[in-house]
Amino acid sequence: STVANFRQRIKEKQCNDSPKGWHDSDGSKYNCAWYASVDSHCGAYGNTYRNFGKTANEACCDCGGGLSNECTDAPNWHDADGPQYDCAWYASKG
């Protein structure tokens, strides 16, 4: 399932809820953990109750939002200091 895929990303630390501490406009009880607690919460409520500029579907990894920690190589990308400083170099630095 899609939810299982997002949970795997979280387990592998490839995603962080953002902003940290997000909860919906209905109160602090309705945070990313609440949305993750029942698979249907994201689908039923994830696009409503916007708070801090985001809905659960935008803020919570379990709902498909959050911030990815993955580096995706763009062809021939490197930083301004030279071609040796590409995504592979940054990934090796942990």
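Just the heavy atoms: all of them, side chains too, but no hydrogens, waters or symmetry mates, feed the values below.
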Indicate the atoms forming the closest heavy-atom contact of C15 with G65, along with that distance. SG-O, 3.5 Å
W22 versus N51, closest heavy-atom pair with distance: NE1-O, 2.9 Å
Is there a side-chain contact between D24 and Y35 (heavy atoms, below 4.5 Å)? yes
Approximate separation, where rounding is to 0.5 Å, of T55 OG1 and R50 CZ: 5.5 Å
Would the distance check show the side chain of H41 and the main-chain N or O of W34 forming a donor-acceptor pair, the cut-off being under 3.5 Å? yes
Considering all heavy atoms of both residues, which atom of D17 and which atom of C61 are nearest to each other, and what is their separation? OD1-N, 2.8 Å
Residue pair Y30 / Y49, side-chain heavy-atom distance below 4.5 Å: no
Taking all non-hydrogen atoms of both residues, which atom of P19 and which atom of A59 are closest, and how far apart? CD-CB, 4.4 Å
Side-chain heavy atoms of S18 within contact of K54, under 4.5 Å: yes
If you measure from NE2 on H23 to NZ on K29, what distance do you get to the nearest 0.5 Å? 14.0 Å
Given the options Y85, Y90, W89, D79 meets side-chain hydrogen bond (donor to acceptor under 3.5 Å, both in side chains) only with Y90
May I ask you to check if the distance between the SG atoms of C42 and C60 is under 2.5 Å? no
CG of D81: more than 12 outside heavy atoms within 6.0 angstrom? yes
Roughly how far apart are W77 CH2 and D86 CG, rounded to 0.5 Å? 7.5 Å
Spacing of OG belonging to S40 relative to OH belonging to Y45, to within rounding of 0.5 Å: 7.0 Å
